[in-house]
Protein chains: 2
Amino acid sequence: MPRAANQDHGISASDPAASTAAGAADRAPTIKDVAEVAGVATSTVSRALSNPDRVNRRTRERIEQVAAQLNYVPSSQARGLSSGRTNAVALLVPDVTNPFYFDIIRGTQNQLKAAGYTQLLVDTEESAEMELDALQKMRRSADGFILAASRLTDAQLAEVSDTQPLVTINRASSNTPTVVIDTPSAMIQALEHLASLGHSRICYVGGPPTSWSNAKRWKSFEDESRDRGMTTFRVGPFAPKTTSGAAAADAAARTGATACIVFNDLLAIGMLQRLRERGIRVPEDMSIVGCDDIFGADFCNPPLTTIASPIEQAGRVAVSMLLAQLNPLQGGSSRRLAVMPTHLTVRASTGPAPTA
Amino acid sequence: MPRAANQDHGISASDPAASTAAGAADRAPTIKDVAEVAGVATSTVSRALSNPDRVNRRTRERIEQVAAQLNYVPSSQARGLSSGRTNAVALLVPDVTNPFYFDIIRGTQNQLKAAGYTQLLVDTEESAEMELDALQKMRRSADGFILAASRLTDAQLAEVSDTQPLVTINRASSNTPTVVIDTPSAMIQALEHLASLGHSRICYVGGPPTSWSNAKRWKSFEDESRDRGMTTFRVGPFAPKTTSGAAAADAAARTGATACIVFNDLLAIGMLQRLRERGIRVPEDMSIVGCDDIFGADFCNPPLTTIASPIEQAGRVAVSMLLAQLNPLQGGSSRRLAVMPTHLTVRASTGPAPTA
DNA sequence: AAATGGTTGGCAAGCGATTGCCAAAATTTG
DNA sequence: CAAATTTTGGCAATCGCTTGCCAACCATTT
């Protein structure tokens, strides 16, 4: 391979063979250039590159060689225009700032890349309106959407869902393929854990009122704790940020509960700080359980007991489900619902109930 | 506005006026549909929408109204194909997993969205090869690139840089517009801080050998500490992950230094954990200074003294510089270099040198 | 009233692929 | 060896939008 050097550094607009043969010196080579050099029609090049079986092996190999030589990269724009596909998937998250979504972003990113798709990242700023707007505006630029913790109403979701391929994460609703993280089932573990430590007065610290997960967690908390005859409290709603932790901690402390199950780790970590400031010891005076097991939950002070979720994996599964929807090649109706298992990870923020 | 209801929920393929007037019931409306309904040529619609001054105000208003009514969204593909622009910018980061890049992602995301651009996120997995590959493959799908902590060599960078618009973050090199975070200058503060606490044996804990920032930090550390007559050590390289913290902590402890300045917070946080496990108290036995002030640096245990960087802002500035490069409208040669100021944030991981 | 020059809007040629349709070539079959 | 298939590859229409060029129109100016 005499062109190894060029291949090595990847950029080779100046490849002598290329410029000689293809004519145009500067401009990025098009399918036409490849066709010309290879001595075939553009349609053949197109097929050779994206539908290999439609073309003779030897022709294909020659074309591939020429393409590589010219450093040809098909224009995704042109390809999209004529094929109707974009090979891009948009990921809509309420807040790029939140570590929980980082893990989702990471998961989808990996899986999409593996499948040859591009990820379009959009921050919807916790607003249903922006979500709808993005969905609308990007209709043509993405083949499908992944909505993480969508703020849409069921009706809106249903409407969007039959207009375009999408899958939601942590937002179930009939008709829309979804991956949910099964926090509720781990709620049982969390309550058992607290009960075994002697706690009976427990407070749920609520997240955003528009959050579906928050509603689910609260409901599950309530059902399970009632079954166990515990005394429950609820405070909130609070924004899912560490800075809301102070207010949350104060409110929770006032209830007289000895343990809190907090909507998410971010808020829980914020509470940890405030409680320390106020001299309320964790876990001696108050136990704290978070949700999600985000980055940081293991090294905060004290390390947080939390309901651990396979967040990144949820992102990956969402992508798989979406891709299955986009390319219904191999039979077998793809899943409409994936439930990701969770489990309680006990660290140092929970301990025996104060005996006082 | 009789269509308020439809506008409200954004999706209105079934708008009666729309389907009547434009004919096609289902298919997304094209510029042609708009032109037809408005009674003008497609070229006029195109101009009205993207070059408002080229068209009479009243015509434009009518067109805008029709477009809104039909819920017309131009196809970015088609637009890109004919105009040559994509309205997308690719952000290449070595590792989406690393919180440092989260902040950059966040910054670029915000700024790009504000400017009407889409962000294409790519994880290059710390590999120069993948970086080059992405740069190559996405040539046509992005108007420009932002390289965060590029792993390219100067030569590669230069070559890419004159092929396509790009700006680097934390990777200076002539010819390429760059935003650098001025950690070195804060290195002085860090050393003064440690000196004032009585430390004189200081260890630099190194990051990835291919990292430009790492080289800069090390050099600055060495220069400044020599000037101050301190005894220095160096350990590494280590991968910039908390999991490398154990090895880093062990290596650093073995040097006999009483304080460490660590390549980044991630590694520093990892070290904190290991030191605690080993019973080496921070800061009583060993002081630790990190770099970046990432999410988590303020709530780890103990909270980390670190060289704080305006990371998110760096992302925003990078976008501005890139956009200035893409649209050299208003005169005034745009900056080729932006230096983001840093400062030392003292928390609890540094303290007086052990008197032993 | 004719000349001038600035606006406004239409025509049509691309942009770079994909793909349905068809004919030539190669292969199999009777 | 001819007929029937199957492969292979080219033609040309399209996708939806932008933009250079030009003609019609309008309001001034002389």
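Proteins come first, then strands; the chains are lettered A, B, ... in the order of their sequence lines, and each starts at number 1.
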Original post:
B:S75 near the nucleic acid: base, sugar-phosphate alone, or nothing, with a heavy-atom cut-off under 4.0 Å?
Top reply: sugar-phosphate

**OP:** For atom NZ of B:K113, decide whether the heavy atoms of other residues, nucleotides or ligands shown that lie under 6.0 angstrom number more than 12.
**Re:** yes

Subject >> Presence of B:T59 side-chain N/O under 4.0 Å of C:dG9 phosphate oxygens OP1/OP2 >> reply: yes

Original post:
Base, sugar-phosphate alone, or nothing: which one does A:R140 contact when heavy atoms must sit under 4.0 Å apart?
Top reply: sugar-phosphate

**OP:** Establish, with yes or no, whether the OP1 or OP2 oxygen of D:dG10 is under 4.0 angstrom from a side-chain nitrogen or oxygen of A:T44.
**Re:** yes

Original post:
Nearest of D:dG20, C:dT18, C:dA17 to any side-chain atom of B:R47?
Top reply: D:dG20

Subject >> Distance below 4.0 Å between B:S46 side-chain N/O and D:dT18 OP1 or OP2 >> reply: yes

Original post:
Which residue, A:L81 or A:R85, contacts DNA chain C at a nucleotide closer to its 5' end, judged by nearest heavy atom?
Top reply: A:L81

Subject >> Integer-rounded Å distance: C:dG16 P and A:N87 CG >> reply: 19 Å

**OP:** Could you tell me the separation between the CG atom of B:N56 and the P atom of C:dG6, rounded to a whole number of Å?
**Re:** 18 Å

Original post:
Rounded to the nearest Å, what distance is computed from the OH atom of residue A:Y72 to the P atom of nucleotide C:dG16?
Top reply: 10 Å

Original post:
Is a side-chain donor-acceptor pair under 3.5 Å present for A:R106 with B:T97?
Top reply: yes

Original post:
Quick one: which of B:E125, B:E126, B:E129 gives a salt bridge (Lys or Arg N to Asp or Glu O under 4.0 Å) with B:R151?
Top reply: B:E126

Subject >> Gap between atoms CD and C1', on A:Q77 and C:dA17 respectively (whole Å) >> reply: 11 Å

Original post:
Strictly by modelled atom types, are A:Q119 and A:T108 linked by a side-chain donor-acceptor pair under 3.5 Å?
Top reply: yes

Original post:
Please give, in whole Å, the distance from C:dG16 P to A:D33 CG?
Top reply: 9 Å

Subject >> Minimum-distance nucleotide (side-chain atoms of A:T42 versus C:dT18, D:dT18, D:dG9) >> reply: C:dT18

Original post:
Contact class for B:T30 vs. all strands (heavy atom < 4.0 Å): base, sugar-phosphate, or nothing?
Top reply: sugar-phosphate

Subject >> Nearest-Å distance for atom pair CZ/C1', residues B:R79 and C:dC15 >> reply: 14 Å

**OP:** Send over the distance from B:I31 CD1 to D:dC15 C1', rounded to a whole Å.
**Re:** 13 Å

Original post:
Once you round it to whole Å, what is the distance between C1' of C:dT7 and CZ of B:R60?
Top reply: 14 Å

Original post:
With respect to the side chain of A:S43, which nucleotide from D:dC11, D:dG9, C:dT8 is positioned closest?
Top reply: D:dC11

Subject >> 5' priority, DNA chain C, between B:A78 and B:R54 [closest heavy atom] >> reply: B:R54

Original post:
Quick one: do the A:T168 and A:T176 side chains pair a donor with an acceptor below 3.5 Å?
Top reply: no

